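What you see is a predicted model; the values in this text were computed from it and never measured. Hydrogens, waters and symmetry mates play no part in the numbers below; they use all other heavy atoms, side chains included.
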Amino acid sequence: MPFEWNSLALENIFLTREYLEVLENSCPVNMTCHFIGFFEEEKLVGIALTQFLFAEKLESFGERDKCLKTSVRNFALKNFASHVLFVGNNMLTGQNAFAFDKNVRQSKAIKTLHKAISQMKKDLKSSGKKVHITSIKDFTAEEIKPLQAEFKNNYTFSTQPNMLFEINKNWKTEQDYIDALSKKYRDQYKRARKKSEGIVKQKMSLADIRQYEDVIYELYFHVAKNAPFNTFFLARNHFSFFKEIMKDDFLLYGYFLDEKLIGFNTLIKNGNVMDTYFLGYDESVQREKMLYLNMLYDMIAYSIKKGFETIVFARTALEIKSSVGAKPVKMYGLITHSNALINHNIARFFNYLEPKTDWQERNPFK
């Protein structure tokens, strides 16, 4: 990787050499990552990340919804969508696909990216891995426009929104946040905190994470496999390797009850933005102690205290994230299929594969 790589990743930790090292060494078993450099003569002017997913190594696409539609969807995924090339990061939400030098014309940058994707697909095919689906993700309504102009034959899709929590500049403590809540949601906060009595929260060091690695993975895996839809599962060493490389930019908090680890969550510092990452919990304790809701409150409290401006709560559990103050931001991607017939009907195919989510937005503030 070129020495000057990080000079193009100053505004996004998820494109830095360090984070990409984490990906390369502890990515999901069914994923291969490629890092692309773009040069103008000798100078590095652009960087990009692609992830090739081969779903046949995946035991489960998510086990929550057991019904005929899920079975048919899983069959379709295995047979028509098992080789997916993501331009971007399928493990995160947001524009973590590429970055270019600000002096490079945007249209030229995206045209060059297009050529690189075409070459990547040829290279994969020559090594016996035919790409079924190519997806470029995740972009806001404004960010997607130049990509739509270049990738004219791609279908523009939108899945679950990215839940963003904007921190009020006047808030300095958790109490400021609580005071801003309406009575109904202040009562929700108090109820959740009361339920969590007896739980001890601990910031975990690298040694702690290694000690509890198997339990952490089991808690993560329980949540991941019960999601309605999943295209990968993390490697067992993912969290310890992440901590080893990213140090204080990666935080893992353990939640203990009677000295037993019953849950954890992870945070990644990305400039003035706090990204929430994977978590896990014991389902029986989570219900009784409102553990997930308490984790959300803890993430908000920490981010306010440390002066962050935004928390990226990402996708899933939209309603509960909304109830603590996160707002939905519609995200878009582009998708194309190698089979001409399927590609012609890609909108229907995509809508069939993508589970629909009905939810009600909340406003917890006065």
Side-chain angles (χ1 to χ4, degrees), residues 1 12 14-15 19-20 22-24 26-38 46-58 61 73-74 76-100 109-139 143-144 146-148 150-159 229-235 315 331-347 349-354:
M1 193 175 275
N12 190 353
F14 299 117
L15 286 171
Y19 173 76
L20 298 180
V22 173
L23 263 192
E24 190 169 35
S26 67
C27 73
V29 66
N30 64 317
M31 180 188 286
T32 310
C33 299
H34 296 96
F35 316 128
I36 303 167
F38 299 91
I47 55 177
L49 164 68
T50 67
Q51 295 176 332
F52 179 64
L53 260 78
F54 30 104
E56 63 264 33
K57 277 203 174 181
L58 203 62
F61 288 109
R73 194 182 78 214
N74 288 353
L77 278 163
K78 279 234 156 91
N79 291 279
F80 305 110
S82 61
H83 290 176
V84 183
L85 180 66
F86 285 102
V87 181
N89 195 326
N90 194 40
M91 298 159 71
L92 301 165
T93 303
Q95 205 294 70
N96 302 298
F98 55 81
F100 282 89
I110 288 169
K111 198 173 279 298
T112 313
L113 177 71
H114 197 167
K115 285 180 186 166
I117 294 168
S118 300
Q119 187 57 50
M120 171 75 66
K121 283 153 85 167
K122 281 180 193 162
D123 292 349
L124 285 164
K125 191 175 182 181
S126 65
S127 66
K129 297 166 184 163
K130 181 178 165 62
V131 174
H132 295 143
I133 285 176
T134 307
S135 177
I136 312 170
K137 63 174 288 285
D138 286 310
F139 306 92
E143 289 168 344
I144 194 80
L147 289 151
Q148 288 170 320
E150 171 62 31
F151 294 85
K152 292 184 175 68
N153 296 329
N154 283 229
Y155 169 66
T156 302
F157 67 88
S158 182
T159 57
F229 190 54
N230 230 321
T231 52
F232 66 85
F233 294 111
L234 296 174
R315 298 192 167 100
M331 300 300 285
Y332 299 87
L334 298 170
I335 190 169
T336 183
H337 199 287
S338 59
N339 179 297
L341 183 62
I342 294 175
N343 200 51
H344 186 67
N345 295 287
I346 193 80
F349 184 71
F350 179 83
N351 290 330
Y352 195 77
L353 293 185
E354 179 63 29

Exercise for review: Please answer whether the main-chain N or O of H83 pairs with a side-chain N or O of H132 as donor and acceptor at a distance below 3.5 Å.
Suggested key: yes

Exercise for review: Under the side chain to side chain contact (heavy atoms under 4.5 Å, CB included) rule, collect the residues that match up with D123, sequence neighbours excluded.
Suggested key: Q119

Check your understanding: Which residues satisfy the side chain to side chain contact (heavy atoms under 4.5 Å, CB included) test with A99, sequence neighbours excluded?
Key -> L15, I47

What heavy-atom pair brings [X] and [Y] nearest, and what distance separates the two atoms?
{"X": "N12", "Y": "Q95", "result": "ND2-O, 3.4 Å"}
{"X": "E143", "Y": "D138", "result": "OE1-O, 4.2 Å"}
{"X": "S26", "Y": "A235", "result": "O-CB, 3.6 Å"}

Nearest-0.5 Å distance, [atom1] of residue [X] to [atom2] of residue [Y]:
{"X": "L124", "Y": "F52", "atom1": "CG", "atom2": "CZ", "answer": "5.5 Å"}
{"X": "M120", "Y": "L85", "atom1": "CE", "atom2": "CG", "answer": "6.5 Å"}
{"X": "L147", "Y": "F139", "atom1": "CG", "atom2": "CZ", "answer": "5.0 Å"}
{"X": "N30", "Y": "F232", "atom1": "CG", "atom2": "CZ", "answer": "8.5 Å"}
{"X": "T50", "Y": "L113", "atom1": "OG1", "atom2": "CG", "answer": "10.0 Å"}

Would you say the side chain of [Y] lies within less than 4.5 Å of the side chain of [X], judging by non-hydrogen atoms?
{"X": "F157", "Y": "I346", "result": "no"}
{"X": "N90", "Y": "V84", "result": "no"}
{"X": "H114", "Y": "S118", "result": "yes"}
{"X": "L334", "Y": "Q148", "result": "yes"}
{"X": "Q51", "Y": "P28", "result": "no"}
{"X": "L23", "Y": "L49", "result": "yes"}
{"X": "I133", "Y": "I335", "result": "yes"}
{"X": "I117", "Y": "F151", "result": "yes"}

Check your understanding: Is the closest side-chain donor-acceptor distance between Y19 and N96 under 3.5 Å?
Key -> no

Could you list the residues that satisfy ring-ring contact (aromatic ring centres under 6.0 Å, His included) with [X], not counting sequence neighbours?
{"X": "H344", "answer": "none"}
{"X": "Y332", "answer": "none"}
{"X": "F86", "answer": "none"}
{"X": "Y155", "answer": "none"}

Among residues at least two apart in sequence or on other chains, which ones pass side-chain hydrogen bond (donor to acceptor under 3.5 Å, both in side chains) with [X]?
{"X": "T112", "value": "none"}
{"X": "N154", "value": "none"}
{"X": "K111", "value": "E150"}
{"X": "E24", "value": "none"}

Review point. Picking from N345, T134, N343, what satisfies side-chain contact (heavy atoms from CB on, under 4.5 Å) with H337?
Key: N343

Revision key, fill the gap. By salt bridge (charged side-chain N to carboxylate O under 4.0 Å, His left out), K129 pairs with (sequence neighbours left out) none

